[in-house]
Amino acid sequence: MKLRPNPIQPLQRKPDEILRANEERFRRYFDLGLIGMAMTSPAKGIIEVNDEICRILGYERSELLQKSWAEMTHPDDLEADVAQFNRVLSGEIEGYTLDKRWICKNGRIIDSIMAAKCMRQADGSVDYLVGLLLDVTERKRAEEALRASEEKYRTLYDSIDEGFCIIKVLFDERDKAVDYRFLEVNPSFEEQTGIKNAQGRSMREIAPAHEEHWFEIYGKIALTGEPIRFENAASQLNRWYTVYAFRIGEPQERNVAVFFRDITARKRTETELLGLEVELATELTAMTRLNEFSRDLRSNTELESTLQWALEAIISLQNAEFGMVQLYNRTTQALEIVVQHGFRKVFLDYFSSANGESSACGRALRSKQRVIIEDVLTDADFALHRDIAASSGFRAVQATPLLSRAGEVLGVISTQFREPHRLSSRDLRFTDLYARQVMEILERKQTEEALHSTQAELAHVARVVAMGELTTTIAHEINQPLTVIVTNANACQRLLQADTVNLNEIRAAVTDIVAAGQRAAEVITQIRNLLKKRSPDRIPLDINELIREAIVLIRHRLETHKISIRTDFAPDLPSVLGDRIQLEQVVLNLIMNGVEAMIPIDQRPRVLTMRSAKDEAGNVLVEVKDSGIGLLTTSVEQLFETFFTTKPSGMGMGLSISRSIIRSHGGRLWAMENTQHQGATFQFSLPRVA
Ligand code: ADP
């Protein structure tokens, strides 16, 4: 219970008439019953009550007139009431107000605000007191409930992890929010923001990390009352918050309650995860591309297009604008640009000549290490080339050497960027993987070239050996026309010595001589061709004619071994592009193998079938079929291995050389066992001239 701070001040004594007049007015209020009213005299106790008082205290009027105030007053409030009453009696005050509790008839305790005013007699003694009683129990309860609920919320706000504050938004006369004050903050507020003693202070002054649009949001909520939830970054603090804000209290108070939570850690994880996802996706794409590249490499045999392809892949991987692949020429001891992307010719000429010096590629060549220049303007070693870099349009460059397994630099792959550029470790890693692939192609090419020259050597040896074996054939082939020539020449002599010269016969003999001479010359030319050591050249060839020529060389051998030859040539065969000698050697090899396979056969005819045809793709197909012993191995592929032989004096080189010759012509050579008749069949196909 508390005393109201302003006790009603003593009034000047009033004349009796005024008192009566007052009483009149007073009576009206009294009867209106809006407020509990009672009149009590010090001598007689309660002398009058109105209905409202009866309602409040729960007594009948008659009962109340019998009662004393003191017995209905809550014992705790009695003393204060009596003290004030005595002050009135003593004339010290004219009245007083008091918060006091009453005990009702049913024992219920009610809260009231009581105002007492005394009416005096002319001599100044108290005539009676008018008491006004306002039942504030409900209001009190509501207040208490409010306090309790406020307390409850307070405990809640104090214990939650979310930062909480109530902000008062101050507006100017044009409803523009001008300032924001913290009315309340909870402990988490301080923890999360690091701002101490915020209460009562301006947000702009103590929370500068708040960006302008946050203020705008609070201003809008204060005006419209629309709650809002948002996520935002306090960029100066480098932190992220999720914020829930709503208007609180009476609209005109323009207070905004804000809950917020620091989600920086979650955001970071999210960003990291997102980054990781992007990273993984990029990695996967790069891997897939690399994989496709290395798979396609196997089918692409053309060096230049392969290098171009690799370069494009690296450029797209690194997001570069320019690039080139240079190969090291051992003879000139310089790098030569083989393929490039994006450069104009004038720069290419410059780069070709400047490689030995301090250029990135030149450095990579000499150091055998990757050279990265993130910005040509700041790299001192690159000073010499700055101008050319500027005019060709690049600011950054990387040059990766192509190192062979033996540690030799075979070339350099470089890429250039328009802007200063730093390559990620992934880009570098993948660049290395591409470089390794390129390096493998180069090494393979080198090996292939070495193999080709060895094969050419071997082919030559084989030819010489084959020629040795063919000596008898050759002797026969030349002997035959020689015999024809000699015989016919003799005949001519005889005819000329005769009495009557038979010109017709002589003409026929001379024609035979010429034909035989030509034939012999042809044989010799072919032998010379076969024995010549020369690099292959490609001309359009009629394969049927080529087979016929080969048969000419071998005919004697066929006859010796009583081998009959059958030919089945397609008449409309397209030409093939190839080296006559090499292809003839293949045909000869296959025929000789067939012959050798048939020599042991006695029970059935020895037949060699030579066939030419156009296959489904329109390419030229050649078949050499024998009725010999058949293939003596279960693995057909084994026959084509170098040095594989089943013959006591065999070299095991014929088929392997033949296959590599056919392959170098873009064709295929394979073997199969005959199904119906015993023996074997060898076939090769060659692409026709486009
Ligand atoms: P070589 O004739 O010196 O053995 P090749 O490379 O020409 O070398 O042939 C390898 C092997 O393939 C022969 O030893 C033989 O076993 C087998 N071969 C080749 N041609 C035939 C054929 N027409 N019939 C049966 N076997 C064959």
Side-chain angles (χ1 to χ4, degrees), residues 451-452 454-473 530-531 546-547 550-551 553-555 557-568 581-612 621-665 667-686:
L451 194 71
H452 271 144
T454 320
Q455 268 173 355
E457 291 284 324
L458 278 175
H460 177 69
V461 174
R463 277 199 302 273
V464 175
V465 172
M467 279 306 141
E469 289 172 22
L470 285 174
T471 340
T472 20
T473 313
L530 269 177
L531 290 176
L546 190 138
I547 300 173
I551 296 175
L553 284 177
I554 207 91
R555 194 193 291 148
R557 202 171 173 110
L558 297 174
E559 280 166 9
T560 314
H561 296 292
K562 300 194 172 50
I563 293 169
S564 55
I565 184 150
R566 283 185 204 152
T567 53
D568 175 11
I581 307 301
Q582 285 191 343
L583 292 180
E584 207 168 293
Q585 195 190 342
V586 172
V587 175
L588 271 176
N589 267 337
L590 297 180
I591 296 177
M592 298 245 291
N593 276 345
V595 170
E596 279 162 8
M598 288 189 285
I599 292 172
I601 301 299
D602 285 327
Q603 305 87 338
R604 55 177 183 267
R606 299 169 182 166
V607 186
L608 186 80
T609 313
M610 302 290 302
R611 195 168 72 87
S612 71
L621 181 91
V622 175
E623 183 181 272
V624 183
K625 184 171 173 182
D626 64 61
S627 58
I629 50 168
L631 304 176
L632 299 177
T633 169
T634 45
S635 151
V636 178
E637 279 309 293
Q638 203 177 21
L639 307 179
F640 296 93
E641 285 170 15
T642 316
F643 305 127
F644 174 83
T645 180
T646 55
K647 300 167 195 166
S649 58
M651 293 215 296
M653 275 178 10
L655 285 180
S656 96
I657 290 173
S658 298
R659 184 174 256 185
S660 78
I661 289 174
I662 294 294
R663 272 196 184 149
S664 70
H665 281 75
R668 286 195 312 122
L669 167 65
W670 66 98
M672 50 202 169
E673 194 98 45
N674 293 345
T675 43
Q676 281 181 335
H677 310 285
Q678 278 157 307
T681 300
F682 286 77
Q683 289 185 335
F684 64 83
S685 72
L686 289 168

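Order of listing sets the numbers, starting from 1, for every ligand and every atom in it.
Note: L631 CG to F682 CZ = 5.5 Å, rounded to the nearest 0.5 Å. Note that CG of L686 and CZ of R668 are 11.0 Å apart. Values are rounded to the nearest 0.5 Å. Here R611 contributes atom CZ and R566 contributes atom CZ; the two are 13.5 Å apart, rounded to the nearest 0.5 Å. The distance from atom CD of Q638 to atom CG of L632, rounded to the nearest 0.5 Å, is 11.0 Å. Separating the OG1 atom in T646 from the CD1 atom in I629 is a distance of 6.0 Å, to the nearest 0.5 Å. For the atom pair I551 CD1 and I565 CD1, the distance stands at 4.0 Å (nearest 0.5 Å).
In this structure, the protein non-hydrogen atom closest to atom 8 (O) of ligand 1 is G652 CA, 3.1 Å. Of the protein's non-hydrogen atoms, L639 CD2, 3.8 Å is the one closest to atom 17 (C) of ligand 1. The closest protein non-hydrogen atom to atom 15 (C) of ligand 1 is T646 OG1, 3.4 Å. Shortest contact from atom 23 (N) of ligand 1 to any protein heavy atom: D626 OD2, 2.8 Å. Closest to atom 24 (N) of ligand 1 among all protein heavy atoms lies A597 CB, 3.4 Å. The single protein non-hydrogen atom nearest to atom 7 (O) of ligand 1 is N593 ND2, 2.9 Å, given as residue, atom name and distance. Protein heavy atom in closest approach to atom 5 (P) of ligand 1: L655 N, 3.6 Å. Counting protein heavy atoms only, atom 2 (O) of ligand 1 is closest to K647 NZ, 2.7 Å.
With a 4.5 Å cut-off on side-chain heavy atoms, D568 and E623 do not count as touching.
Each of V586, T645, L590 was compared with L655 under the side-chain contact (heavy atoms from CB on, under 4.5 Å) criterion, and only L590 meets it.
Contact atoms of ligand 1 toward F644: 10 (C), 11 (C) (distance under 4.0 Å to a heavy atom of the residue). Shown in contact with T645 at under 4.0 Å from a heavy atom are these atoms of ligand 1, numbered in order with element: 1 (P), 4 (O), 14 (O). Listed by number with element, the atoms of ligand 1 under 4.0 Å from a non-hydrogen atom of F682 are 19 (C), 20 (N), 21 (C), 22 (C), 23 (N). Of all atoms in ligand 1, listed by their number and element, those nearer than 4.0 Å to a heavy atom of A680 are 24 (N). With ligand atoms numbered from 1 in the order given, ligand 1 contributes 25 (C), 26 (N) to contacts under 4.0 Å with heavy atoms of G630.
Across F640 and S656, no two heavy atoms sit closer than the pair O-CB, 3.1 Å.
Residue L631 places a heavy atom under 4.0 Å from ligand 1.
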